[in-house]
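As structure tokens, the structure follows; a few thoughts come after it.
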Number of protein chains: 2
Amino acid sequence: MSDAHVPAPTSRREQILKEAARLFAERGFHGVGVDEIGAAVGISGPGLYRHFAGKDAMLAELLVGISERLLAGGRMRVEEGGDSPAAVLDALIDGHIDFALDDRPLITLHDRELDRLREADRKRVRQLQRQYVELWVEVVRRVHPGPSESRARAAVHAVFGLLNSTPHLGRPGSLPGRTEMAELLHRLALGAFGAVDAEVEGAVVEGVAASRRAG
Amino acid sequence: MSDAHVPAPTSRREQILKEAARLFAERGFHGVGVDEIGAAVGISGPGLYRHFAGKDAMLAELLVGISERLLAGGRMRVEEGGDSPAAVLDALIDGHIDFALDDRPLITLHDRELDRLREADRKRVRQLQRQYVELWVEVVRRVHPGPSESRARAAVHAVFGLLNSTPHLGRPGSLPGRTEMAELLHRLALGAFGAVDAEVEGAVVEGVAASRRAG
DNA sequence: AAATGAGGTTAACGCCCATTAACCCGCCTG
DNA sequence: CAGGCGGGTTAATGGGCGTTAACCTCATTT
């Protein structure tokens, strides 16, 4: 999970990153000016250059950071709950939900502004993302051995979309609070995964039966 | 409002919109220049202003257009298959999947660049989106009467996230082809909705039982 | 007490880019 | 064949914005 338990210097740097993340998520990387970011932390304009090489550097640090933390968290959960695959999947889902609910701006940036990065950073982020996906795919396939790998991977992508849907919410009040939301998302994710190999009543789909035989 | 109901010449204008959509989705609204859009359709630069009032106008027309078509399509399906709620939900899901799979750029823009619109257009788009969501909520609640309205709405949002996940795909080849993908997404969506009120084995959640009694 | 450096400030520079001006050409109508 | 006018072109304009320069001021160190 997050390292919130460590007091953390909460230095300028981090404060800036936090505000920048919020602003980037709200109005897009190109849509927010350096002056705005500065204003958000009380200093103004080029003062940011004492802490970062430039606007791009902030985005890069944000995206690499989030990807690393997601992957690290996922690996931790996989190692810890080694007994039951289903329990591991539960843990992965909960972890991702915590992330989506607590760090909305970052989740948003994660798949919105990736292409604004320099080649090197972008490759690194993509690699981390891929590893995270594959982590999930392995666990999902242990719980649901039926479907082919490509189906499992597609399902994982889709469930990420589901879990990351919280940023796109409507007006507050029309939706459940955080704890109920977390529980609901968990259910939805499990329900989706469960449907990957389940035969929809009455209509057995060829591909599924075939891949199950091929196992 | 738009004069889209007129058959439409299918000419320049639409060609421009199509390319603009692609570019906006790829690099973001602020990330793509007018000259690029022009180049994509063979003319260059300010020639676009013979067809649109400005860059903003293109985005506005794209977003309003997509929202209107989604809502119109949804309403049509609801009216047509009036017999079984489950059948209507199936139709809604299929319709949305077709959209997500065929008009990826638009789906992306749909929830990425909404805030770049002028107040009036943005309000219109949001209203259309809300109506579309409520359409789904009603149908879902007919199929799954248990959960509260806010839960149903959250579930709909989440399933949208699931269905719209296709743009974020990895490298081609690691994922199923279009027809298998459509079938898989349909299953996942149904599985998710089915899990909204299903009691996860062993653990009955208070809220669900309560809202079911309250009907 | 002088020196240093971290962290700010405002002013200036320069590029990018949307939009506008001014001008052009070919078609279709009268 | 005159005259619009739809659809383009290139050049100019002007604002926004990232980045750099030059300068300031405390703390802390020596």
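A note on names: the letters A, B, ... follow the listed sequences, proteins ahead of strands, and every chain is numbered from 1. Note that the coordinates shown come from a computational prediction; the quantities given were computed from them, not determined experimentally.
Judged as a ring pair (Phe, Tyr, Trp, His ring centres under 6.0 Å), the pairs with a partner in residues 66-115 of chain B (not counting sequence neighbours) are, in order, B:His96-B:Tyr132, B:His96-B:Trp136, B:His96-B:Phe160. Residue pairs satisfying the ring pair (Phe, Tyr, Trp, His ring centres under 6.0 Å) criterion with at least one member in residues 62-88 of chain B, sequence neighbours excluded, are absent.
Take B:Glu79 and apply the salt bridge (charged side-chain N to carboxylate O under 4.0 Å, His left out) test, not counting sequence neighbours, and it matches no residue. Shown here are the salt bridge (charged side-chain N to carboxylate O under 4.0 Å, His left out) partners of B:Glu26, two or more places apart in sequence or in another chain: B:Arg22. Residues satisfying the side-chain hydrogen bond (donor to acceptor under 3.5 Å, both in side chains) test with B:Arg69, not counting sequence neighbours, are none. Taking A:Asp111 as the reference, nothing meets the side-chain hydrogen bond (donor to acceptor under 3.5 Å, both in side chains) condition, with sequence neighbours excluded. By the side-chain hydrogen bond (donor to acceptor under 3.5 Å, both in side chains) test, B:Asp94 pairs with B:His186, sequence neighbours left out. Residues satisfying the side-chain hydrogen bond (donor to acceptor under 3.5 Å, both in side chains) test with A:Arg104, not counting sequence neighbours, are none.
One interatomic measurement links the two molecules: NE2 of B:His51 to P of D:dG6, which rounds to 11 Å at whole-angstrom precision. Atom CG in B:Asp35 sits about 11 Å away from atom P in D:dT9, given to the nearest Å. As a whole-Å value, the separation of A:Met58 CE from D:dT19 C1' is 11 Å.
Here B:Gly54 lies in heavy-atom contact (under 4.0 Å) with sugar-phosphate atoms only.
You can see that DNA chain C meets the heavy atoms of chain B within a 4.0 Å-exclusive cut from C:dA18 to C:dC23, reading 5' to 3'.
Of the N and O atoms on the side chains of B:Arg126 and B:Gln129, not one donor lies less than 3.5 Å from an acceptor on the other residue.
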Anything under 3.5 Å between a protein N or O and an N or O of nucleotides 23-25 of chain D, put it in a table, one pair a line.
none

Polar atoms only, N or O, under 3.5 Å: list the protein pairs with nucleotides 14-17 of chain D and their distances.
none

Identify each donor-acceptor pair in which a side-chain atom of residues 50-59 of chain A lies under 3.5 Å from a protein atom, sequence neighbours left out, and give them as a table.
from: A:Lys55; atom 1: NZ; to: A:Phe29; atom 2: O; distance (Å): 2.9
from: A:Lys55; atom 1: NZ; to: A:Val32; atom 2: O; distance (Å): 3.0

